[in-house]
Amino acid sequence: MEFLYVIWQIFKLWGWVLLPIALYFPAKSFYLFWLRWSVWREKQKWIVLEVIPPEKIEKPYAAMEDIFSIFWGIYGSPDWREKWCEGVLPLAPYWISLEIASINGKIHFFIRVNEDNRNVVESSIYSHYPDAEISLVNDYTKDVPQDMPNKDWDIHGEDYKLMNDNAYPIKTYKYFEIKAEEIKGEKKLDPIVSLLEMMSNLKKGEQFWLQIIAAPITNDDIPWVTKGREIADKIALRKKKKKKSVISEIFDMIFWPSIESSKNGDEKASIEENLTPGEKEVLSAVETKISKSGFKTSIRTIYLAKKDVYNGDNSKLARPYFKHFCSENLNGISDWGETKTSAHYFLTKRRLYVKKRDIFTKYIERLPPKSPNMVEGTSVLNAEELATIYRFPINMLVSATPKTQSRKAEAPPDLPV
């Protein structure tokens, strides 16, 4: 009893010290949340650029991949002052939203970017597509009622994510580049044309928006490269060797270099012989993916229309498009049921309304599906994969798509005035 009495007396005198310790972590979280979302984010200036592609593109798919590699170059990580004093959201200044919108059947390519990065975006596109036209436009998402859904308009929205681990790649453009000798008169297949064709068939009063939010990352932000190496090692049945000391390694190199080299060569050959063709394909695909620049990616679609012309079938236009890139032994892109605008069992009307409001707001704000959680519901795609799902079509055959007819040029110097 005396012992408990002493403990109680100590607690009465010094118990208050525990209060700041207990409140430190929640106070830290609330401070960062306020500083990031209410202070820093409100100061940012975002712009929307419309890109009108050339009528015919001779450039290979790899040109678009190089553009995304350039985009990755704007990556930066906030330092201590930027994080705790200015409230910079991790990766937020480097978000680039790649968008395709069908407005009353007219197709538009948009890129929403922080104004500070406008020059990088424009110069990278012009470097590969000099005949393209890029112009600053008003945000098209502001041209519809902002209280969506309402008595006149209805919407359906879906988020998409990878079906397998981030380290597994989707089927990329290299699969669609057919050799000239294999098919006459056509060197490439272009899946995006099928999507644009369906989007161009929308009626007046209907709109379909596709959004791909991409932020450059490193393995420190999301350990997708580490995961890829683990998968590759597992497939190749590689065993971690016990780390030798520097003296032991030097000793082996001096006295048994040929034996060690022969042993490693035999082991590698044995591993390759034991792999099936499918395992070799997966191993090569995973190692290729993690070797390229990565982006934390959110993919979202929204179909919105006036209720008198609303067609529920048009809300799923992106699903068959993403099926082009699915592979049974690698990865694919599929709609995410958790944020889809559907509700069942109880309070369906209210829950459905909340889901529609939420996905509409996150689309126009260009936010990940579970923000302020900036990782859940996102996927990691590399530059090659992004160039596969968002690119300018080879031939602008869709009549509803604006296109440049000829390259702009200066007037000839001998023109009479």
Side-chain angles (χ1 to χ4, degrees), residues 60-62 64-66 68-69 72 159-179 182-183 188-192 212 214-241 263-299 318-337 375-391:
Y61 284 111
M64 201 70 192
E65 180 183 344
D66 188 59
F68 285 114
S69 296
W72 191 92
D159 288 303
Y160 292 79
K161 59 183 297 189
L162 290 178
M163 301 165 62
N164 208 341
D165 192 276
N166 286 325
Y168 291 96
I170 61 173
K171 191 186 295 181
T172 62
Y173 67 78
K174 293 179 179 179
Y175 176 86
F176 302 103
E177 284 190 317
I178 300 177
K179 296 179 181 179
E182 294 179 0
I183 180 170
K188 303 182 184 76
L189 299 176
D190 202 358
I192 201 170
I212 303 169
I217 61 167
T218 65
N219 190 58
D220 293 332
D221 300 308
I222 299 176
W224 65 289
V225 175
T226 300
K227 181 65 176 178
R229 287 174 180 155
E230 291 176 356
I231 293 171
D233 289 344
K234 185 177 180 180
I235 295 173
L237 300 177
R238 297 170 185 161
K239 295 181 179 180
K240 292 184 178 179
K241 298 181 179 179
K263 182 179 178 182
N264 292 336
D266 293 342
E267 183 180 351
K268 183 177 180 181
S270 176
I271 289 173
E272 291 180 351
E273 288 175 1
N274 291 331
L275 292 179
T276 66
E279 288 173 333
K280 289 180 181 178
E281 180 185 3
V282 173
L283 179 61
S284 175
V286 170
E287 290 183 333
T288 299
K289 175 166 182 175
I290 64 177
S291 69
K292 300 190 176 185
S293 304
F295 294 80
K296 184 183 71 173
T297 309
S298 303
I299 304 175
R319 292 188 190 179
Y321 171 62
F322 288 128
K323 290 296 182 184
H324 286 102
F325 317 116
C326 290
S327 178
E328 291 294 331
N329 60 339
L330 293 172
N331 219 331
I333 300 174
S334 179
D335 55 291
W336 192 28
V375 176
E376 186 179 358
T378 64
S379 303
V380 176
L381 300 178
N382 66 12
E384 181 179 324
E385 292 171 301
L386 280 178
T388 301
I389 63 176
Y390 185 92
R391 64 179 310 281

With sequence neighbours excluded, residues passing ring pair (Phe, Tyr, Trp, His ring centres under 6.0 Å) with Tyr321: Phe325
Mind running side chain to side chain contact (heavy atoms under 4.5 Å, CB included) on Ile217 and Phe295 for me, showing each step along the way? CA-CA 5 Å; Ile217 61 167; Phe295 294 80; 5.7 Å; no
Listed partners of [X] passing side chain to side chain contact (heavy atoms under 4.5 Å, CB included), at least two apart:
X: Ala318; value: Tyr160, Phe208, Thr301, Phe322
X: Pro320; value: Met198
X: Lys292; value: Glu65, Lys174, Thr288, Asn382, Glu384
X: Ser334; value: Met163

Name all pairs fulfilling the side chain to side chain donor-acceptor pair (under 3.5 Å) condition that reach into residues 214-228, sequence neighbours left out, sorted by first residue then second. Tyr75-Asp221, Thr218-Asp221, Asn219-Thr226
Taking all atoms of both residues into account, what is the closest heavy-atom pair of [X] and [Y], and its distance?
X: Asn329; Y: Gly278; answer: ND2-O, 4.2 Å
X: Ile333; Y: Cys326; answer: N-SG, 3.8 Å
X: Val375; Y: Thr378; answer: O-OG1, 2.5 Å
X: Glu385; Y: Ile170; answer: OE2-N, 2.9 Å
X: Ala214; Y: Leu386; answer: CB-CD1, 4.0 Å
X: Pro216; Y: Trp72; answer: CB-CD1, 3.3 Å

Could you grab the distance from atom [atom1] of [X] to atom [atom2] of [Y], nearest 0.5 Å is fine?
X: His324; Y: Thr388; atom1: NE2; atom2: OG1; value: 12.5 Å
X: Lys171; Y: Lys323; atom1: NZ; atom2: NZ; value: 11.5 Å
X: Arg319; Y: Asp335; atom1: CZ; atom2: CG; value: 4.5 Å
X: Glu376; Y: Lys161; atom1: CD; atom2: NZ; value: 7.5 Å
X: Lys280; Y: Ile235; atom1: NZ; atom2: CD1; value: 13.0 Å

Among Asn164, Asn166, Asp165, side chain to side chain contact (heavy atoms under 4.5 Å, CB included) partner for Leu162: Asn166
Side chain proximity check, Lys289 to Thr172, heavy atoms < 4.5 angstrom: no
Mind checking whether Ile389 and Leu381 have side chains closer than 4.5 Å, heavy atoms only? yes
Would the distance check show the side chain of Asp159 and the main-chain N or O of Trp336 forming a donor-acceptor pair, the cut-off being under 3.5 Å? no
